[in-house]
Amino acid sequence: MSIIRFLKLAIVSICLLFSGSVFADEMSAVSATAAPTDTSITNTVNTTFESSNALKGSKINVSTLNGVVSLSGDVNSNDQAYTAVSLAQSIPAVKDVDASRLTVKGSQHLLSDSLITAKIKGLFIQEKIFGDKDIATLSIHVETNNGVVSLSGTADNQTQIDTAKTIASAVSGVKDVKTNVQISG
């Protein structure tokens, strides 16, 4: 394994520490190929979910079609739904995550604002690890209220702020993006 691939996987593991470990071989398999198959994406998402302590007790079915991951089944809380969407969206080659058939036990529906926030954070991680744009993943806080995304925290430069705003604006369901991100130091 090259030092760059090792460092990328280490950063992914650190970023996703709240939800458990990520299997390095699965992440490498998806990131190493130019055009991962839907099957390899599904396998990577499943492996990531299985290794996540935060998703214990959930019953999530994963399928992928043309890079869009569909999640269905039951989770125990909105936090588990958020984690599932964030983890799936952070996988390289995942174009979008459809969680419309994912339900929280005891609830009729998921909060769409939480799903938007989860997708944005997943895209931030994906861009930081596998993309070519400069972004501050850990120091920019994301909050969504009625489709309006608020970005706050700190970034190293204006480019990181612009990248975060561009990524957030592209997520389905986002009506507007407000930024209150300060340039540090």
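For clarity, every value in this text was computed on a predicted model and none was experimentally measured. One is the number of the first residue; the rest follow in order along the sequence.
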Please table the atom pairs, donor to acceptor, closer than 3.5 Å between any side-chain atom in residues 151-159 and protein atoms at least two apart or in another chain.
residue	atom	partner	partner atom	Å
Asn157	OD1	Thr159	N	3.1
Asn157	OD1	Gln160	N	2.8
Asn157	ND2	Asp134	OD2	3.1
Gln158	NE2	Asp162	OD1	2.9

Please set out all donor-acceptor pairs under 3.5 angstrom arising from side-chain atoms of residues 57-75, sequence neighbours excluded.
residue	atom	partner	partner atom	Å
Ser58	OG	Leu55	O	2.6
Thr64	OG1	Thr42	OG1	2.6
Asp74	OD1	Thr103	OG1	2.6

Stepwise side chain to side chain contact (heavy atoms under 4.5 Å, CB included) check, Gln182 with Asn180
CA-CA 6 Å; Gln182 304 298 312; Asn180 189 24; 3.2 Å; yes
Beyond-backbone contact of [X] with [Y], side-chain heavy atoms, under 4.5 angstrom:
X: Glu127; Y: Ile129; value: no
X: Phe130; Y: Ile125; value: no
X: Ile91; Y: Thr48; value: yes
X: Asn78; Y: Tyr82; value: no
X: Thr37; Y: Ser40; value: yes
X: Asp113; Y: Glu143; value: no
X: Asp96; Y: Lys119; value: yes

Does Ser90 use its side chain to pair, donor to acceptor, with the backbone of Leu87 at less than 3.5 Å?
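Such a contact is found between Ser90 side chain and Leu87 backbone.
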In terms of hydrophobic clustering (I, L, V, M, F, W, Y; side-chain heavy atoms under 4.5 Å; direct or indirect links), are Ile183 and Val181 co-clustered?
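Yes, Ile183 and Val181 fall within the same hydrophobic cluster.
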Could you give the distance from [atom1] ([X]) to [atom2] ([Y]), rounded to the nearest 0.5 Å?
X: Asn145; Y: Ile116; atom1: CG; atom2: CD1; answer: 10.5 Å
X: Gln80; Y: Ser52; atom1: CD; atom2: OG; answer: 8.0 Å
X: Gln89; Y: Leu115; atom1: CD; atom2: CG; answer: 11.0 Å
X: Thr166; Y: Ile135; atom1: OG1; atom2: CD1; answer: 9.0 Å
X: Asp176; Y: Asn146; atom1: CG; atom2: CG; answer: 12.5 Å
X: Phe49; Y: Lys56; atom1: CZ; atom2: NZ; answer: 12.5 Å

Any idea which heavy atoms bring [X] and [Y] closest together, and the distance?
X: Ile140; Y: Ala164; answer: CD1-CB, 3.8 Å
X: Val94; Y: Ile41; answer: CG2-CG2, 3.7 Å
X: Ser86; Y: Lys121; answer: OG-CB, 4.4 Å

Show the numbers, then the answer: is there a side-chain hydrogen bond (donor to acceptor under 3.5 Å, both in side chains) between Ser100 and Asp98?
CA-CA 6 Å; Ser100 61; Asp98 176 5; 2.7 Å; yes
Run the side chain to side chain contact (heavy atoms under 4.5 Å, CB included) check on Phe124 and Thr163 step by step: do they pass?
CA-CA 9 Å; Phe124 282 5; Thr163 299; over 6 Å; no
